[in-house]
Amino acid sequence: MKKLVIIALALVTLNGFAQKKEHRKMDRNNTSELRQDMNPNDIADLKSKKLTLKLDLTDAQQKKVHKLILDQAETRQAARKANKPADGEKRERPSKEDMLQKQNLRLDAQIEMKREMKTILTAEQYAKFEKMKPREHKKRGKRGENQERKHNKRD
């Protein structure tokens, strides 16, 4: 009888964990849909406020950062609209030249953003700003490493 209770408890626990993972995926999809519906001004407001909290920006710095992020958001939205297929058209895969051009444009925009932020922020704030970005990439890298370990254990 005890064995049956333990088995039932284990099954219920496993079922609960499986449902939680699925729920997290739904949240990620919903936030990306919400982000697509946001206008560039809203995006700039949110990002500049987050940076203000993390970097302790002055009002003048906050206005400059807001303008910079607004310009960036507007160009992204224009690019998104240009890449969106018209109604009834099938989405085609971009050629290698198009991908290379898009990546170069994206990297140029990042370089320009970095230069502008360097002029706006103090040295201490800029150091914090630089430390903020690599964390995201490290997390992504660790996630990939964990998946590789799982695959290696199965083999």
Side-chain angles (χ1 to χ4, degrees), residues 15-154:
N15 189 21
F17 283 122
Q19 289 178 1
K20 285 182 183 178
K21 287 181 183 178
E22 188 63 33
H23 182 70
R24 285 176 51 200
K25 289 180 183 175
M26 292 279 291
D27 287 342
R28 286 184 193 147
N29 291 336
N30 291 339
T31 56
S32 66
E33 289 175 11
L34 290 174
R35 199 172 288 146
Q36 288 176 353
D37 292 338
M38 292 174 68
N39 64 20
N41 197 29
D42 293 338
I43 293 169
D45 284 341
L46 290 175
K47 285 187 176 184
S48 64
K49 286 180 182 179
K50 285 180 184 178
L51 284 175
T52 301
L53 289 173
K54 290 182 181 179
L55 302 176
D56 195 29
L57 301 178
T58 64
D59 289 337
Q61 286 176 325
Q62 186 177 1
K63 288 177 184 175
K64 290 177 183 177
V65 168
H66 182 272
K67 185 182 181 313
L68 185 64
I69 294 172
L70 180 63
D71 292 341
Q72 186 182 40
E74 287 173 346
T75 56
R76 281 186 183 167
Q77 186 179 37
R80 213 177 291 126
K81 284 183 180 179
N83 292 335
K84 190 175 182 180
D87 291 337
E89 284 187 23
K90 211 174 190 183
R91 185 178 193 135
E92 294 182 17
R93 209 168 208 171
S95 66
K96 288 184 180 182
E97 293 83 22
D98 290 341
M99 287 297 291
L100 182 64
Q101 182 184 13
K102 286 178 186 178
Q103 286 179 352
N104 278 327
L105 288 173
R106 182 180 56 83
L107 291 173
D108 288 341
Q110 284 180 349
I111 291 168
E112 185 61 30
M113 171 78 164
K114 213 172 189 182
R115 286 182 184 153
E116 290 291 324
M117 291 299 282
K118 199 169 194 173
T119 61
I120 295 170
L121 301 176
T122 64
E124 184 180 308
Q125 290 171 334
Y126 186 74
K128 281 184 185 178
F129 176 73
E130 283 296 306
K131 287 181 183 177
M132 287 168 44
K133 293 296 178 186
R135 285 186 200 152
E136 296 172 5
H137 298 297
K138 286 180 183 176
K139 286 180 185 177
R140 289 182 192 145
K142 286 181 182 177
R143 189 179 317 140
E145 290 173 7
N146 289 339
Q147 289 178 354
E148 287 178 14
R149 288 181 193 154
K150 288 178 186 177
H151 290 296
N152 290 341
K153 286 181 182 177
R154 291 180 189 163

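Everything numeric in this text was worked out from a predicted model, so none of it was measured.
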Inset, instruction - Quick one: closest heavy-atom pair of Gln61 and Asp56, and the distance? - result: OE1-O, 4.5 Å

Legend entry - Atom CE of Met113: over 12 foreign heavy atoms under 6.0 Å: yes

Inset, instruction - Report, as yes or no, whether the 6.0 Å neighbourhood of atom CG on Asn104 holds more than 12 heavy atoms from other residues, nucleotides or ligands. - result: yes

Inset, instruction - Decide side chain to side chain contact (heavy atoms under 4.5 Å, CB included) for Gln101 and Glu97; before the verdict, give the C-alpha distance in whole Å, the side-chain angles of both, and the deciding distance to 0.1 Å. - result: CA-CA 6 Å; Gln101 182 184 13; Glu97 293 83 22; over 6 Å; no

Inset, instruction - Rounded to the nearest 0.5 Å, what's the gap from CD1 on Ile43 to CD on Gln77? Could you check? - result: 7.0 Å

Legend entry - Residue list, salt bridge (Lys or Arg N to Asp or Glu O under 4.0 Å) with Lys114, at least two apart or on another chain: Glu130

Inset, instruction - Please report the closest heavy-atom contact between Leu121 and Phe129, naming both atoms and the distance. - result: CD1-CB, 3.9 Å

Legend entry - Distance (rounded to the nearest 0.5 Å) between Glu112 CD and Gln72 CD: 11.0 Å

Legend entry - Glu74 and Leu70, any side-chain heavy atoms less than 4.5 Å apart: yes

Inset, instruction - Given side chain to side chain contact (heavy atoms under 4.5 Å, CB included), test Ile69 with Leu51 step by step and report yes or no. - result: CA-CA 11 Å; Ile69 294 172; Leu51 284 175; 3.9 Å; yes

Inset, instruction - Please round to the nearest 0.5 Å and tell me the distance separating atom CD1 of Ile111 and atom CG of Leu107. - result: 6.5 Å

Inset, instruction - Starting at CD of Gln62, measure out to OG1 of Thr52 and round the result to the nearest 0.5 Å. - result: 3.5 Å

Legend entry - Pairs satisfying salt bridge (charged side-chain N to carboxylate O under 4.0 Å, His left out), at least one member in residues 98-110, at least two apart: none

Legend entry - Sequence neighbours excluded, every pair satisfying salt bridge (charged side-chain N to carboxylate O under 4.0 Å, His left out) that has a member inside residues 60-70: Lys67-Asp71

Legend entry - Least distance between heavy atoms, Leu55 atom then Gln125 atom: O-NE2, 3.2 Å

Legend entry - Closest contact, heavy atoms only, His66 versus Ser48: CD2-OG, 3.5 Å

